[in-house]
Colleague: 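My questions all concern the structure below.
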Number of protein chains: 2
Amino acid sequence: MDRERGHEDSDHLQLRAWLRLLTCANLIESRVRGGLRETWNITLPRFDLLSQLHRAGEDGLTMGDLSRAMMVSAGNVTGLVEALVGEGLVRRTTSAADRRQSRVRLTQAGKRGFEAMLPEHERWIDEAFAGLDRNDLKRLLELLAKLKQSAKAAERGGKEAA
Amino acid sequence: MDRERGHEDSDHLQLRAWLRLLTCANLIESRVRGGLRETWNITLPRFDLLSQLHRAGEDGLTMGDLSRAMMVSAGNVTGLVEALVGEGLVRRTTSAADRRQSRVRLTQAGKRGFEAMLPEHERWIDEAFAGLDRNDLKRLLELLAKLKQSAKAAERGGKEAA
DNA sequence: GCGAGATACTTTAAGTCTAAAGTATCTGAC
DNA sequence: GTCAGATACTTTAGACTTAAAGTATCTCGC
């Protein structure tokens, strides 16, 4: 009945899954970063920011929206937006209703530039996942959805405990 | 120009899997980083380096081994090792056989310190994965193994093409 | 109105990270 | 033996990142 429990306690499945997850993320991220640099001389965080704005559409996003969407600190967003404003890819306006807020949007150049990069970016991702068939991908998406919920719950638990 | 109200019905499974993978990695990593900082005032990369050395045992690792194991650049390892030598957690010796190499090992303090952190670190990971049962974890490990191979193959392909 | 606290963002200090160029050492073809 | 190239590592410049402290603005109870 309990013959295998000792083994169960010590096989560290969670830790192994975590390390493997990190390895995959690093491999793919490094490929994407290299491609973006070589092909368009843009960094991954800047591409990511453009991507969030592209998805958001005409109304753009506030600095806080960007910080949450990109899962980085507010201070980090400040610097990235400044850089992209300098490159003419993004424009920024102060909100009239709440003067603390500012709203960030793609310029025409930003929109065109991002849309030019998009297909090749997706091709790199597709290549990285080429070894997985549609069934694998669907199972992976499900498991990651479960993990995402679980990790969020753990995060809240940790904060409430403090 | 067409103002799109929604996405087309191509499902972009790979891209969605990639974004979800990144979200999970960010969530867990941020929890671990926060815990390490609050509890032992150590950063995640330094913990990671100690972890590699702990796994390696008495013989330690060369700078190059560390760079490969941690998937970071060689220059990055130089700085991290210097910091940890300064904290007395790690010691570094020049190889006699090949004077270009150096070998890095945990000090006694480093070994004790790391082993003190280990259980709680694993607890954070276990909590993040708490929503997945053993069967989920095994399937996730399999899918990530497949993804890892696939991503490695894509990386090689990309380099050969260039 | 007014002030206390909340919120949106910026600044700062310190650390992490990369790519590229540089240094020292080794290896192998000859 | 020697030297051209490979290898192990360091240095550098620049970008990213965070946590924490700081500034400006808003909200809400009174």
Side-chain angles (χ1 to χ4, degrees), chain A residues 22 25-27 29-50 60-87 89 92-104 159 162, chain B residues 22 25-27 29-50 60-87 89 92-104 159 162:
Chain A
L22 258 188
N26 284 338
L27 279 170
E29 197 171 305
S30 130
R31 170 122 163 82
V32 172
R33 181 174 40 243
L36 288 174
R37 182 178 45 76
E38 289 167 18
T39 314
W40 291 288
N41 196 33
I42 190 175
T43 64
L44 183 49
R46 291 179 196 191
F47 177 86
D48 190 14
L49 201 155
L50 294 181
L61 294 171
T62 65
M63 303 295 276
D65 292 338
L66 282 167
S67 171
R68 280 182 292 277
M70 298 174 70
M71 304 180 81
V72 300
S73 68
N76 194 349
V77 173
T78 299
L80 292 172
V81 168
E82 275 169 9
L84 288 169
V85 167
E87 293 174 13
L89 301 177
R92 185 180 170 174
T93 53
T94 303
S95 163
D98 183 341
R99 290 162 46 71
R100 294 169 304 178
Q101 281 189 332
S102 49
R103 195 154 279 277
V104 187
K159 279 179 181 166
Chain B
L22 258 189
N26 284 337
L27 279 170
E29 197 171 304
S30 128
R31 170 124 163 81
V32 171
R33 180 174 41 241
L36 288 173
R37 180 179 45 77
E38 288 167 17
T39 314
W40 291 289
N41 196 32
I42 191 176
T43 63
L44 184 49
R46 291 178 195 192
F47 177 86
D48 190 15
L49 199 155
L50 294 181
L61 295 170
T62 65
M63 303 295 276
D65 292 338
L66 282 168
S67 171
R68 279 181 293 277
M70 298 173 69
M71 305 179 79
V72 299
S73 67
N76 194 352
V77 172
T78 299
L80 291 172
V81 167
E82 274 170 9
L84 288 168
V85 167
E87 293 174 13
L89 300 177
R92 186 180 169 172
T93 53
T94 302
S95 164
D98 184 340
R99 290 162 45 72
R100 292 170 305 178
Q101 280 188 333
S102 49
R103 194 155 279 278
V104 186
K159 278 179 182 165

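Model, not experiment: these values are computed from the prediction. Below, read A as the first sequence line, B as the second, and so on, with proteins coming before strands; counting in each chain starts at 1.
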Colleague: If I take atom CD1 in residue A:Ile42 and atom P in nucleotide D:dG14, what distance separates them, rounded to the nearest angstrom?
Modeller: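 Rounding to the nearest Å, CD1 of A:Ile42 and P of D:dG14 are 19 Å apart.
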
Colleague: To the nearest Å, how far apart are B:Leu66 CG and D:dA8 C1'?
Modeller: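 Rounding to the nearest Å, CG of B:Leu66 and C1' of D:dA8 are 13 Å apart.
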
Colleague: Can you list the residues that meet the side chain to side chain donor-acceptor pair (under 3.5 Å) rule with B:Arg99, with sequence neighbours excluded?
Modeller: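 Partners of B:Arg99 by the side chain to side chain donor-acceptor pair (under 3.5 Å) criterion come out as none, since no residue qualifies.
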
Colleague: Starting from P on D:dT7, measure out to CE on B:Met63 and report it in whole angstrom.
Modeller: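 So the CE-P distance, B:Met63 to D:dT7, works out to 19 Å.
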
Colleague: How does each nucleotide of nucleotides 23-29 of chain D score, in 5' to 3' order, for protein heavy atoms under 4.0 Å: base (B), sugar-phosphate only (S), or none (-)?
Modeller: -BBS---

Colleague: Using a 3.5 Å cut-off and no angle test, enumerate the donor-acceptor pairs between side-chain atoms of residues 40-50 of chain A and protein atoms at least two apart in sequence or in another chain.
Modeller:
| unit_1 | atom_1 | unit_2 | atom_2 | d |
| --- | --- | --- | --- | --- |
| A:Arg46 | NH1 | A:Glu87 | OE2 | 2.5 |
| A:Asp48 | OD1 | A:Gln52 | NE2 | 3.4 |

Colleague: Test of understanding: with side chain to side chain donor-acceptor pair (under 3.5 Å), list the residues that count as partners of B:Arg100, not counting sequence neighbours.
Modeller: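 B:Arg100 satisfies side chain to side chain donor-acceptor pair (under 3.5 Å) with B:Asp98 once adjacent residues are dropped.
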
Colleague: Quick one: which protein N/O atoms are closer than 3.5 Å to N/O atoms of nucleotides 16-22 of chain D? Pair and distance per line, please.
Modeller:
| unit_1 | atom_1 | unit_2 | atom_2 | d |
| --- | --- | --- | --- | --- |
| D:dC16 | OP1 | A:Thr43 | OG1 | 2.5 |
| D:dC16 | OP1 | A:Arg46 | NE | 3.0 |
| D:dC16 | OP2 | A:Arg46 | NH2 | 3.0 |
| D:dT17 | OP2 | A:Asn76 | ND2 | 3.1 |
| D:dT17 | O5' | A:Asn76 | ND2 | 2.9 |
| D:dT18 | OP2 | A:Ser73 | N | 2.8 |
| D:dT18 | OP2 | A:Ser73 | OG | 3.0 |
| D:dT18 | OP2 | A:Asn76 | ND2 | 3.3 |

Colleague: Find the distance B:Asp65:CG to D:dT7:P and express it as a whole number of Å.
Modeller: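 Whole-Å distance recorded here is 15 Å.
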
Colleague: So, using salt bridge (Lys or Arg N to Asp or Glu O under 4.0 Å) as the criterion, who are the partners of B:Arg33 when residues are at least two apart?
Modeller: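 Partners of B:Arg33 by the salt bridge (Lys or Arg N to Asp or Glu O under 4.0 Å) criterion, ordered by chain and then number, come out as B:Glu29.
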
Colleague: Rounded to whole Å, please give me the gap between CG in A:Leu36 and P in C:dT18.
Modeller: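 It works out to 15 Å between those atoms.
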
Colleague: Side chains of residues 65-81 of chain B: which donor-acceptor partners sit under 3.5 Å, not counting sequence neighbours?
Modeller:
| unit_1 | atom_1 | unit_2 | atom_2 | d |
| --- | --- | --- | --- | --- |
| B:Asp65 | OD1 | B:Thr62 | OG1 | 3.4 |
| B:Asp65 | OD1 | B:Arg68 | NH2 | 3.2 |
| B:Asp65 | OD2 | B:Thr62 | N | 3.1 |
| B:Asp65 | OD2 | B:Thr62 | OG1 | 3.1 |
| B:Ser67 | OG | B:Val72 | O | 2.7 |
| B:Ser73 | OG | B:Asn76 | N | 3.3 |
| B:Thr78 | OG1 | B:Ala74 | O | 3.3 |

Colleague: List the residues meeting side chain to side chain donor-acceptor pair (under 3.5 Å) with A:Arg37, not counting sequence neighbours, and say none if there are none.
Modeller: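 By the side chain to side chain donor-acceptor pair (under 3.5 Å) rule, A:Arg37 matches no residue at all.
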
Colleague: Between P on C:dT18 and CD on A:Glu29, what's the gap in Å once rounded to a whole number?
Modeller: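 Going from CD in A:Glu29 over to P in C:dT18 covers 10 Å.
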
Colleague: Taking all atoms of both residues into account, what is the closest heavy-atom pair of B:Gly60 and B:Arg103, and its distance?
Modeller: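 So the two residues come closest at O-NH1, 3.4 Å.
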
Colleague: So what does B:Ser67 touch, heavy atoms closer than 4.0 Å: a base, only the sugar-phosphate, or nothing?
Modeller: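 Since no nucleic acid heavy atom lies under 4.0 Å of B:Ser67, the category is nothing.
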
Colleague: Whole angstroms only, please: what is the CD-C1' distance between B:Glu82 and C:dT16?
Modeller: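 Atom-to-atom, B:Glu82 to C:dT16, this comes out as 14 Å.
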
Colleague: Between B:Arg92 (CZ) and D:dA8 (C1'), how many Å, whole number?
Modeller: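 Atom-to-atom, B:Arg92 to D:dA8, this comes out as 10 Å.
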
